[in-house]
Amino acid sequence: VEQDDLAAHTSSASTKLIHGGLRYLEHGELRLVRESLAERERLLAIAPHIVKPLRFVLPYVDGLRPRWLLRLGLFVYDHAGGRERLAASASSRLAGTALGEPLRAELTDGFEYSDCWVEDSRLVVLNALDAAERGAAIMTQTRVMQAQAAGGLWTVNCERRATGRQFAMRARTLVNATGAWVNDLLTRLDIEHRQQLRLVKGSHLVLRRQFAGEHAYLLQSPDQRVVFAIPFEQDYTLLGTTDVPFSGDPSQVTIDSSECDYLLTCVNRFFRHAVTPADIVTSYSGVRPLFDDGSGGAAQQVSRDYHLELQHGPGGAAVLTVYGGKITTYRRLAEAALPMLLRQLGQEEGGWTAGEALPGGDFPDADLQRFTAHAQARWPAMPPNLIRRLARLYGTRMARIIGDARRLEDLGACFGSDLTVAEVRYLVESEWARCAEDILRRRTRLGLALPASAVDQLQDAVTQLLR
């Protein structure tokens, strides 16, 4: 039961990285880093269409972290998580190279290391799709109003947001995985929340493309934070993130001027050509619901680890609440939660998700480049850009969109950027898209490319498909 669209909030507002968290080593979180690095390998294998390797450049800055510390951290990063598919870290000469071309002249050397990029909102959708195909009912745009426990069962009262229709469901256990809303939901369940959250806002800027190449940069800040500059949707650079304490409505969160200034100041310490507000195309923000262990400290020092809290309502009905966590370790979090739930149900089951491809990721050797080449050969008259985009978003499921079509025109009207009626129909019928925003911001990320007139046409098409 999801009150908005899948990944409508924090899960689509990440820095879009599957990473070990190089910075977490400074806080002594070796277990979290090791677990994250191991998950990085697994997600590369089970979701190779939406997870891809990304090489990072870390310029050395005299007066910040010393060389020996960076070398040590990268050595641990290379060896702590069973790295198999990704290239090892290395010292790098930047002056006079393509890697150093966008940087200030005094930044002559540094390091390179590997992590992964992920289509974060699609990761959420694919997990929901996988669950649905194994028997789960996915209810989006549906809000839990309240719940009562009696006789070992929950009666959960829900409301469909589009119609206002209310209905009730019964359940032996509940999982409260509502992010920034976890304690609010516990209140609605009439259960005391024993744990606290620290809400931290993270904001990103989407800039006009600031450098060539498919690599990214990790930029150190004097306040001991780091900022990523990452190639984004071909024509843009993604810059983020901030760490700002937040106390407002998590559904209404936007970047403020101080965050914007912070990110621009950081990038301008490194890039030779000044980045100005005129380079900003758009921005997005999300609220991280971090588990508050009571240790205090600055927002960037709060652990990104997860905490699971099992409680019981009247009659023994159980609710498992998820505090904290990061997108990289979502699968391990679920593996930790499942035994706690199964014990409540008197069942046992071994974990299986580590080796099972997510929908669309079941192509040979997890080789997206080879799969894309085969797809181009299968549909030779289709635009190559369309084939590459569909392969990257849907993997083998792209066949459900293209089917027997031979040319772009066979896929129905085009709204721009090769987004056709056939793709929209698939997203509405199979992936719970209910409006143009669901498609443009969280299913395809084509919102940066389509004009307002096309968005209106797309909304009309979605409305027609939903009738």
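It should be emphasised that the depicted structure is a prediction, and the values quoted were computed from it without experimental measurement.
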Checklist entry - Run the side-chain hydrogen bond (donor to acceptor under 3.5 Å, both in side chains) check on Tyr323 and Asn183 step by step: do they pass? => result CA-CA 9 Å; Tyr323 289 92; Asn183 284 339; 2.8 Å; yes
Item to check | Residue pair Asp243, Arg198: steps toward the salt bridge (Lys or Arg N to Asp or Glu O under 4.0 Å) verdict | outcome: CA-CA 11 Å; Asp243 273 309; Arg198 288 187 66 175; over 6 Å; no
Next on the checklist: Between His204 and Thr15, is the side-chain hydrogen bond (donor to acceptor under 3.5 Å, both in side chains) condition met? List the steps.
Outcome noted: CA-CA 8 Å; His204 297 76; Thr15 314; 2.8 Å; yes
Item to check | Arg55 (side chain) donor-acceptor with Ala87 (main chain) under 3.5 angstrom | outcome: yes
Next on the checklist: With side chain to side chain donor-acceptor pair (under 3.5 Å) as the test, pick out the partner of Asp4 among Gln141, His9, Arg143.
Outcome noted: His9
Item to check | Glu259-Ser203 side chain donor-acceptor pair, cut-off 3.5 Å | outcome: yes
Checklist entry - Has Arg23 got its NZ or CZ under 6.0 Å from the middle of the six-membered ring of Phe228, at an angle within 45 degrees of the ring axis? => result no
Item to check | Nearest heavy-atom neighbours spanning Gly81 and Leu37 | outcome: CA-CB, 3.6 Å
Item to check | CD-CH2 distance between Glu2 and Trp432, expressed to the nearest 0.5 angstrom | outcome: 12.0 Å
Checklist outcome for this item: One should read off an interatomic distance between Leu207 CG and Leu239 CG, to the nearest 0.5 angstrom, of 5.5 Å
Item to check | Nearest-0.5 Å distance that lies between atom CG in Leu263 and atom OG1 in Thr241 | outcome: 7.0 Å
Checklist entry - Any donor-acceptor pair under 3.5 Å linking the side chain of Asp410 with the backbone of Arg407? => result yes
Checklist entry - Just by distance, do the side chain of Gln311 and the backbone of Val319 share a donor-acceptor pair under 3.5 Å? => result no
Item to check | Distance in Å, Ile46 CD1 paired with Glu39 CD, rounded so as to fall on 0.5 Å steps | outcome: 7.5 Å
Item to check | CZ on Arg434 to CG on Leu6, rounded to 0.5 Å | outcome: 9.5 Å
Next on the checklist: Run Glu431 and Arg122 through salt bridge (Lys or Arg N to Asp or Glu O under 4.0 Å) and show every step you take.
Outcome noted: CA-CA 10 Å; Glu431 293 195 1; Arg122 288 212 58 77; 2.8 Å; yes
Checklist entry - Would you call Arg388 and Asp418 a salt bridge, using N to O less than 4.0 angstrom? => result no
Next on the checklist: Measuring centre to centre across the rings, with the benzene-like ring taken for any Trp, is Tyr217 within less than 6.0 Å of Phe270?
Outcome noted: no
Next on the checklist: Check this for me, if you would: do Glu356 and Arg134 make a salt bridge, where the nitrogen-to-carboxylate-oxygen distance has to be below 4.0 angstrom?
Outcome noted: yes
Checklist outcome for this item: Tightest non-hydrogen contact, residues Gly416 and Leu450, listed as O-CD1, 3.7 Å
Checklist entry - Taking atom types as modelled and ignoring hydrogens, do the side chains of Arg331 and Thr353 form a donor-acceptor contact shorter than 3.5 angstrom? => result yes
Checklist entry - To the nearest 0.5 Å, how far apart are CG in Leu446 and OG in Ser417? => result 5.5 Å
Checklist entry - Between Arg397 and Glu133, does a salt bridge (Lys or Arg N to Asp or Glu O under 4.0 Å) hold up when you go through it step by step? => result CA-CA 13 Å; Arg397 300 286 173 114; Glu133 293 178 353; 2.8 Å; yes
Checklist entry - In a check of salt bridge (charged side-chain N to carboxylate O under 4.0 Å, His left out) between Glu119 and each of Arg445, Arg389, Arg441, which one passes? => result Arg445
Checklist entry - Do Phe291 and Asp305 come within less than 4.5 Å of each other through their side chains, counting heavy atoms only? => result no
Checklist entry - Hey, does the side chain of His193 reach the backbone of Leu185 with a donor-acceptor pair shorter than 3.5 angstrom? => result no
